[in-house]
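Report on the following structure.
No hydrogens, no waters, no symmetry mates; every other heavy atom, side chains included, goes into these values.
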Amino acid sequence: MRAPRKSRFLADNTGATAVEFALVVGPLVLLIFGAIEVSRLMWAREALQSTAIAGARCMGIREIACAPGGTYNATSTKTFVRDWASGLYVTVPAANITLSNAATCSGASGFSSVTITYRFESVVALLLEAIDLKNLTATACFPNQA
């Protein structure tokens with residue numbers, strides 16, 4: 001005599017691996033993409049900080065790229081900062097760059113300062129908003145050279 005259908009169905013384990021895979025694949029994919037996005041975020045933060053440092057240094061020592069003819073030029077400096085960031089694969093609009101060639105840093109005057117704000121775009125936007133990492137800011141100071 002054959003076993004009833006219900007007990008045969010419950011005893012059959014031929015699709016168990018497929019079910020287990022289906023349960024594990026979702027969290028695994030989220031973990032992989034989450035790690036990739038966090039890595040991209042860290043890259044963007046470091047690229048912005050490097051760009052701010054390079055821009056402040058360019059202003060402070062009056063490199064030709066930031067001070068054609070030896071005189072500070074805000075437009076040239078913003079172009080330098082945008083080009084530096086672009087070389088690091090980060091696009092920064094000129095409106096997001098704040099420059100000061102007469103800044104006070106840590107209570108001392110006579111510094112050049114660059115502040116960059118950047119909106120990080122991600123496929124996990126809701127997560128970034130929840131942990132407040134969507135808007136990045138980098139600031140750097142460099143002493144002005146005579």
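- For Asn96, the side chain to side chain donor-acceptor pair (under 3.5 Å) criterion is met by no residue, not counting sequence neighbours.
- Summarising the geometry of Asn73 relative to Pro68, their closest heavy-atom pair is CB-CD, 3.9 Å, with the distance given to 0.1 Å.
- Here Thr51 pairs with nothing under the side chain to side chain donor-acceptor pair (under 3.5 Å) rule; sequence neighbours left out.
- Between the OG atom of Ser50 and the CH2 atom of Trp84 there is a distance of 5.5 Å, given to the nearest 0.5 Å.
- The list of salt bridge (charged side-chain N to carboxylate O under 4.0 Å, His left out) pairs with a residue in residues 50-66, not counting sequence neighbours, reads Arg57-Glu63.
- Cluster annotation: Phe142 is not connected to Phe80 through the hydrophobic network of ILVMFWY side chains, with a link wherever side-chain heavy atoms come within less than 4.5 Å.
- Follow the hydrophobic side-chain contacts under 4.5 Å out from Phe111 and you never reach Tyr72; the two are in separate clusters.
- The two residues Cys141 and Ala56 come nearest to each other via the heavy atoms C-CB, 4.0 Å.
- Screening residues 100-110 for side-chain hydrogen bond (donor to acceptor under 3.5 Å, both in side chains), with sequence neighbours left out, gives no hits.
- Using a distance-only test at 3.5 Å, with no hydrogens or angles considered, a donor-acceptor pair links the side chain of Trp43 to the main chain of Leu88.
- Atom CD1 in Ile53 sits 10.0 Å away from atom CD1 in Ile116 (nearest 0.5 Å).
- Chaining together hydrophobic side chains whose heavy atoms lie under 4.5 Å apart places Phe33 alongside Phe21, Val25, Leu28, Val29, Ile32, Ile36.
- Distance check, rounded to the nearest 0.5 Å: CG of Leu41 to CD of Glu46 gives 10.5 Å.
- The main-chain N or O of Ala67 is never found under 3.5 Å from a side-chain atom of Thr71 such that the two would form a donor-acceptor pair.
- Residues Cys66 and Ser76 are not in side-chain contact: their nearest non-hydrogen atoms beyond the backbone lie 4.5 Å or more apart.
- Rounded to the nearest 0.5 Å, atoms CG (Leu48) and OG1 (Thr139) are 10.5 Å apart.
- In this structure, the separation between CZ on Arg40 and CD on Glu121 is 9.0 Å, given to the nearest 0.5 Å.
- Of the inter-residue distances, the one linking Ile61 atom CD1 with Asn144 atom CG reads 11.0 Å to the nearest 0.5 angstrom.
- By the rule that hydrophobic residues join a cluster once side-chain heavy atoms approach within less than 4.5 Å of another member, Tyr118 and Ile97 end up as members of one cluster.
- Listed by first and then second residue, the salt bridge (charged side-chain N to carboxylate O under 4.0 Å, His left out) pairs that reach into residues 64-92 come to none, sequence neighbours excluded.
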